[in-house]
**Q** 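If you scroll down you'll find the structure; I have some questions about it.
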There are 2 protein chains.
Amino acid sequence: MRLIVARCEVRYSGRLDALLPEALRLLMIKSDGSVMVHADTGGYKPQNWMTPPTVIEYEGDPLSHMVVRKRAGATEDRLDIAITEVVSDVTHDMGEAAALEKDGVEAHLQELLAEQPHWCGEGFRLVRREWPTDIGPVDLMCRDDQDGWVAVEIKRVATIDAVEQLSRYLDRIREDPAMAEIQGVLAAQQIKPQARVLAESRGMRCVEVDLAVLRGEREPDLTLFLV
Amino acid sequence: MRLIVARCEVRYSGRLDALLPEALRLLMIKSDGSVMVHADTGGYKPQNWMTPPTVIEYEGDPLSHMVVRKRAGATEDRLDIAITEVVSDVTHDMGEAAALEKDGVEAHLQELLAEQPHWCGEGFRLVRREWPTDIGPVDLMCRDDQDGWVAVEIKRVATIDAVEQLSRYLDRIREDPAMAEIQGVLAAQQIKPQARVLAESRGMRCVEVDLAVLRGEREPDLTLFLV
DNA sequence: ACTTAGATTTCGCCG
DNA sequence: CGGCGAAGTCTAAGT
């Protein structure tokens with residue numbers, strides 16, 4: 001990884017055009033070809049960047065110009081960095097950094113609910129995960145205690161978009177007379193109030209699930225019933 | 001901006017839990033409180049990070065531990081960085097970097113189409129931009145050559161979400177008997193096939209527009225008709 | 001404070 | 001390789 005602190009002006013042209021006036025910034029060049037231009041403020045995002053695969057040209061000694069290019073379909077993405085002063089320029093060999101282990105994302109939620117579909121509704125049995133339709137897969141297809149079909153849409157955070165998505169699936173599936181009575185359930189760690197209102201106005205049920213409970217690390221919160 | 005190259009193990013807990021095993025990485029701490037953990041590969045994204053506002057604690061000399069914390073409602077987001085070796089540790093005062101000037105984002109597309117609404121449909125005249133409804137503003141409200149109302153939704157890239165959004169606007173506006181016949185147009189630099197199918201199945205028209213043509217930098221591509 | 005919508009979204013999966 | 005959905009999305013703007 002090469003870290004250059006330099007006074008520079010940056011031009012990007014590609015999907016849009018952008019100009020960064022001259023200022024002191026960090027140029028970060030990873031060994032995979034990623035290039036990022038960071039200011040000392042502005043949070044998480046670089047002011048400018050290019051993702052691999054790239055071709056990087058360096059000009060001048062001391063460094064006075066960098067061009068980063070990328071073939072993006074018909075057009076070319078291009079980052080022009082004009083350098084007027086190099087404050088620091090160091091390279092570090094970092095080897096391979098081990099990958100990230102995540103826990104708590106939607107796929108994990110789907111796994112747990114597939115194993116314990118009763119959290120989505122009483123008596124629910126799983127028919128299959130990723131039930132295919134021609135507009136995309138339904139997260140969980142179940143049967144309820146009356147043997148009726150139920151499509152379950154799973155989100156970490158459910159917004160209006162999730163309700164629209166489930167609506168589309170239900171509309172499509174109901175075109176099949178054999179499944180015209182299918183019901184919809186929206187299951188999420190968090191359901192936004194507006195999403196809940198829209199979902200219930202469309203006859204879908206909403207279920208907020210607790211990751212710790214699904215994992216069996218914690219008993220369901222019964223305090224409300226113990227008063 | 002402080003740049004630390006160090007062998008470290010990183011734990012994140014908050015919206016999810018994640019662990020980065022010990023490896024050599026770059027720790028980037030901006031003066032606004034942003035903290036990023038970058039590997040030498042993996043492109044644009046940090047392996048781990050925290051956005052401002054944060055509280056950062058440094059322990060040990062040489063640095064052996066960092067804790068980055070953030071109040072996020074009821075819970076706390078937390079980044080624990082255990083450092084076993086500091087390879088480099090430098091701080092640069094960068095001052096204020098001027099902001100980015102962009103050209104070509106959706107707002108510009110809306111501006112250009114507002115000036116030249118005929119690209120959305122023959123004989124279209126603009127009534128107003130950002131026409132208010134109680135579920136959000138319609139990008140462009142126009143009248144067509146028959147004097148009929150037309151709501152135009154503008155995207156840089158139009159996906160199914162854009163169709164849903166326009167559908168919601170049309171449904172709402174049609175509740176007013178005076179506008180029950182309003183038509184919908186989806187205008188975008190790029191329209192995804194499934195979005196096009198859904199839009200047309202709902203009676204909306206789709207228009208792909210070319211930024212260069214809108215700007216008058218290039219004539220409409222007529223080669224198809226010249227064969 | 002919360003919600004909505006855009007982003008050079010990026011990223012990953014699956015066809 | 002293209003399309004589609006998720007993301008610790010992030011971020012800015014409006015209410």
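Note on naming: letters A, B, ... go to the chains in the order of the sequence lines (proteins, then strands), and numbering restarts at 1 for each one.
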**Q** Does A/Lys192 place a side-chain N or O at less than 4.0 Å from the phosphate oxygens OP1/OP2 of C/dT3?
**A** yes

**Q** Rounded off to whole Å, could you give me the CG-to-P distance for the A/Leu19 and C/dT8 pair?
**A** 15 Å

**Q** Taking the side chain of B/Trp49 as its heavy atoms from C-beta onward, which of C/dG6, C/dT8, D/dC10 lies nearest to it?
**A** D/dC10

**Q** For C/dT4 versus C/dT8, give the span between their P atoms, rounded off to a whole number of Å.
**A** 22 Å

**Q** Need to verify one output field. Residue with the more 5' nearest nucleotide on DNA chain D, B/Thr51 or B/Tyr12?
**A** B/Tyr12

**Q** Please tell me which of B/Gly43 and B/Lys102 maps to the more 5' nucleotide of DNA chain C, matching each residue to the nucleotide holding its nearest heavy atom.
**A** B/Lys102

**Q** Let's see if you can work this out: which of C/dA5, C/dA7, C/dT8 has an atom nearest to the side-chain heavy atoms of B/Arg168?
**A** C/dA5

**Q** May I have the distance from A/Gln165 (atom CD) to D/dA6 (atom C1'), rounded to whole angstrom?
**A** 10 Å

**Q** Let me know, please, whether A/Gln194 or B/Lys45 comes out on the 5' side of the other along DNA chain C by nearest nucleotide.
**A** A/Gln194

**Q** Just the rounded figure in Å: distance from C1' of D/dT15 to CG of B/Asp134.
**A** 14 Å

**Q** So, applying side-chain hydrogen bond (donor to acceptor under 3.5 Å, both in side chains) with B/Ser167, which one of B/Glu153, B/Arg202, B/Arg172 is it?
**A** B/Arg202

**Q** Side chain of B/Tyr169 only, please: which of D/dG8, C/dT3, C/dA5 is the nearest?
**A** C/dA5

**Q** Given that A/Pro137 and B/Pro52 both sit by DNA chain D, which one's nearest nucleotide is further toward the 5' end?
**A** A/Pro137

**Q** Does the ring of B/Tyr58 carry B/Arg2 above it, NZ/CZ under 6.0 angstrom from centre and within 45° of its axis?
**A** yes

**Q** Take A/Gln110 and A/Arg129 through the side-chain hydrogen bond (donor to acceptor under 3.5 Å, both in side chains) test and state the conclusion after the steps.
**A** CA-CA 8 Å; A/Gln110 190 190 114; A/Arg129 287 170 65 175; 2.9 Å; yes

**Q** Please indicate yes or no: is the ring centre of A/Tyr44 less than 5.5 Å from the centre of the six-membered base ring of D/dC10, with the two planes inclined by under 30 degrees?
**A** no

**Q** Can you see if the side chain of B/Arg11 gets near the phosphate of D/dG8 - specifically, an N or O under 4.0 Å from OP1 or OP2?
**A** no

**Q** Starting at atom CE of B/Met50, determine the distance to atom P of D/dG8, rounded to an integer number of angstrom.
**A** 13 Å

**Q** Would you mind reading off the distance between A/Met36 atom CE and C/dT10 atom C1', rounded to a whole angstrom?
**A** 12 Å

**Q** Within the structure shown, what part of the strands sits under 4.0 Å from A/Val105 by heavy-atom distance: base, sugar-phosphate, or nothing?
**A** sugar-phosphate

**Q** Taking OP1 and OP2 of C/dT10, is either one under 4.0 Å from a side-chain nitrogen or oxygen of A/Arg15?
**A** yes

**Q** Write down the distance between CG (A/Asp161) and C1' (D/dA6), rounded to a whole number of angstrom.
**A** 12 Å

**Q** Closest to the A/Asp77 side chain: C/dG6, C/dT8, C/dT4?
**A** C/dT8

**Q** Which of these, B/Leu20, B/Ile83, B/Val5, sits in a side-chain contact (heavy atoms from CB on, under 4.5 Å) with B/Arg25?
**A** B/Leu20

**Q** Would you say D/dG5 has OP1 or OP2 under 4.0 Å from some side-chain N or O of A/Lys155?
**A** no

**Q** Please report, rounded to the nearest Å, how far the C1' atom of C/dT8 is from the CZ atom of A/Arg69.
**A** 19 Å

**Q** Quick test of your reading of the model: are A/Asp17 and B/Lys102 salt-bridged, counting only N-O distances below 4.0 Å?
**A** no

**Q** What is the base-pairing partner of D/dC1, counting Watson-Crick and G-U wobble geometry with both distances under 3.5 Å?
**A** C/dG15

**Q** Among side-chain atoms of A/Asp80 and A/His65, is any donor-acceptor pair under 3.5 angstrom?
**A** yes

**Q** For B/Asp139 and D/dA13, give me the distance from atom CG to atom C1', rounded to whole Å.
**A** 15 Å

